[in-house]
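Data first, discussion second: the structure below is written as structure tokens.
Counting starts at 1 for both ligands and their atoms, in listed order.
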Amino acid sequence: MRQSNMLLPTLREIPSDAEIKSHQLLVRAGFIRQVASGLYSFLPIGNRVLRKVEQIVREEMDNAGANEMFMPALQPAELWQETGRWNTFGPELMRMHDRHMREFALGATHEEVITSIIRDEVNSYKKLPLAVYQIQSKFRDEKRPRFGLLRGREFLMKDAYSFHDSAESLDDMYNKMYTAYQNIFRRCGLDFRAVIADSGAMGGKDTHEFMVLSEIGEDTIAYSDTSDYAANIEMAPVVMNYEKSSEEPKELQKVETPNQKTMQEVADFLGHTLKEGLKSIMFKVDEKFVLVVTRGDHEVNDVKLKNLYGASVVELASEEETKEVMNAGFGSLGPVGVGENVEVVADTAVQYVVNVSCGANEDGYHYINVNPERDFNVSQYADLRFIMEGDPSPDGQGFIKFAKGIEVGHVFKLGKFYSEKMKASYLDQNGKANTMIMGCYGIGVSRTVAAIVEQYNDENGITWPKAVAPFHVHLLALNVKKQEQKELADNLYETLKKAGIEVLYDDRPERAGVKFADSDLIGIPLRVTVGKLADQGIVEVKDRQSGEQQEVHETEILNFVQSFLQP
Ligand code: ATP
Ligand code: MG
């Protein structure tokens, strides 16, 4: 491709709205342009990378035995009503109606569509297991679209679905997909980790997220410093052997704590450590008020709370709602003397505290010398807190450390969540009808492009790994007005192209400095520069990642490039 013919606008300045490296570099290097919040166009060079990642995904899916298909992005509301997700999916689902006022959604995911197809077309165990996938745009009206391609409102996803007649068959496919995902992200050059994730209210059991390790990741991974245990922090169970202190319970006392609002302020005011106070937070769990109590040094994990209740929505109660049911604001909540209208649950650690403080449900007052059981009741104790660094690893080996990750893929055993509601059944060997068992497997293809850039960049630009680079070679003719340079570069361009090498040829009448800067920014793995030594048939090659450069004779170039591109 001749750069003079290409829509490849580069920018020197960092776009002011781009907070993270991948967003800045993909815009500056001419890969993407924003159309509106969370909506991006892939310019020609960006499209090349997107298609390469897509092709890696496709090859590995085909290898795992999945069939590629293509479903409409526009989906009738009726399908989503069958599973109840028309109501539960919330505002993330982009809804609209047609000219006859019939309701539709732009697909955020395709479980409903595929399950309706399989229900109609597959009726016998003989056709199972079956796995299908597509690579297609998905739409989600994210609360905070940000970080460029990482969290868009329209993005490219590979979504696969599998259908089975036994749990073993699902296990087998799950393992195949897991391996395919490892191959995909390895081939993309990514440093990643598969972590145990939350299966939520989906009814499934196993689920793993594939996380690219990165400081800017929105997810926290809790991993063992000794074993290969890794889980999304939302999920990691806490396995602590708490011990009860031998201190004698003292008499409950109400004390004034004027203007002390935060846990730390109250602890300082009362002269104790954070863990010697109780934290009480009011949640709305499917419209029911639940006061969640933890030790002051612990944080409530709302995913665990949601799972405890099997709830579909868990949210913090507003201060107004809290005042209404508790007669006290956020800073003075506590489990002592709570009325019937509020359920109190507590983290396991709370069972072991002695003589601690908590809010008195009266603004400006706290209790001290509070003891569970004696001073308040809880409807249940459960693991409700986030795991912390230094806690024992849930697998019994080593201690927990944290890392940040970008979720690029997700494999999920769905079980019968969709097939039951949508009546997707098959006849078994005995002619008996059974409900199908399902799995689903997603990869954020466009998000993966951004994740690669997060891991592959330096102060001058992107440093693409070979397998996903937009081109293999960036050929620069430094001064196109010099006949010998132009001629040699033209010849090399033809030679390399003929050999099947993907070349971006900078044949623009620009200054050398501009060409070098653009080349570093765009980040093609190998640069071949035709400059002053062209009359001797000598060119300079430079490895973008290592920065190593050397002179090579024109007759050797093809060999050099071919061996450089060997995986
Ligand atoms: P997240 O927790 O990041 O919102 P999710 O759990 O909603 O993601 P899934 O429903 O599992 O995502 O979708 C499969 C994959 O699609 C994710 O692993 C991720 O790589 C990608 N993805 C999800 N939401 C977005 C988005 N808004 N922009 C880009 N990619 C996305
Ligand atoms: Mg997910």
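Using modelled atom types and a 3.5 Å distance limit, the side chains of Gln397 and Ser224 yield no donor-acceptor pair. For the residue pair Asp228 / Tyr223, no side-chain donor-acceptor distance below 3.5 Å is found, with atom types taken as modelled. In this structure, a donor-acceptor pair under 3.5 Å is present between the side chains of Thr10 and Asp518. Of the N and O atoms on the side chains of Tyr161 and Gln134, not one donor lies less than 3.5 Å from an acceptor on the other residue.
Within the structure, ligand 1 lacks Thr109 among the residues with a heavy atom less than 4.0 angstrom away. No heavy atom of Ser446 sits closer than 4.0 Å to any atom of ligand 1.
Interface of His410 with ligand 1, defined as ligand atoms under 4.0 Å from a residue heavy atom, comprises 11 (O). Which parts of ligand 1 touch Glu142 is read off a 4.0 Å heavy-atom cut-off, strictly below it: atoms 24 (N), 26 (C), 27 (N).
Between Gly152 and ligand 1, a contact under 3.5 Å exists for at least one N or O pair. In terms of polar-atom proximity, Val408 is counted as a contact of ligand 1, with an N or O under 3.5 Å from an N or O of the ligand. When only interatomic distances are considered, the shortest N/O to N/O separation between Gly444 and ligand 1 falls below 3.5 Å.
Within the cation-pi definition used here (under 6.0 Å to the ring centroid, within 45° of the axis), Lys413 qualifies as a partner of Tyr174. In this structure, Arg95 is not positioned above the aromatic face of Trp80 in the sense of NZ or CZ being under 6.0 Å from the six-membered ring centre and within 45° of the axis.
Compare Lys158, Glu209, Lys138, Arg140 by their heavy atoms: the one nearest to atom 9 (P) of ligand 1 is in Arg140. When the heavy atoms of Arg151, Glu154, Glu92, Glu407 are ranked by distance to atom 4 (O) of ligand 1, first place goes to Arg151.
Residue Leu150 touches ligand 1 through its backbone alone, judged by heavy-atom distances below 4.0 Å. Only the backbone of Leu149 comes within 4.0 Å of ligand 1, judged by heavy-atom distances.
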Self-check item: Derivation of the ring pair (Phe, Tyr, Trp, His ring centres under 6.0 Å) call for Tyr125 and Tyr426
Solution: CA-CA 6 Å; Tyr125 73 94; Tyr426 65 95; 7.7 Å; no
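A 4.5 Å side-chain heavy-atom check between Ile221 and Ile233 finds every atom pair outside the cut-off.
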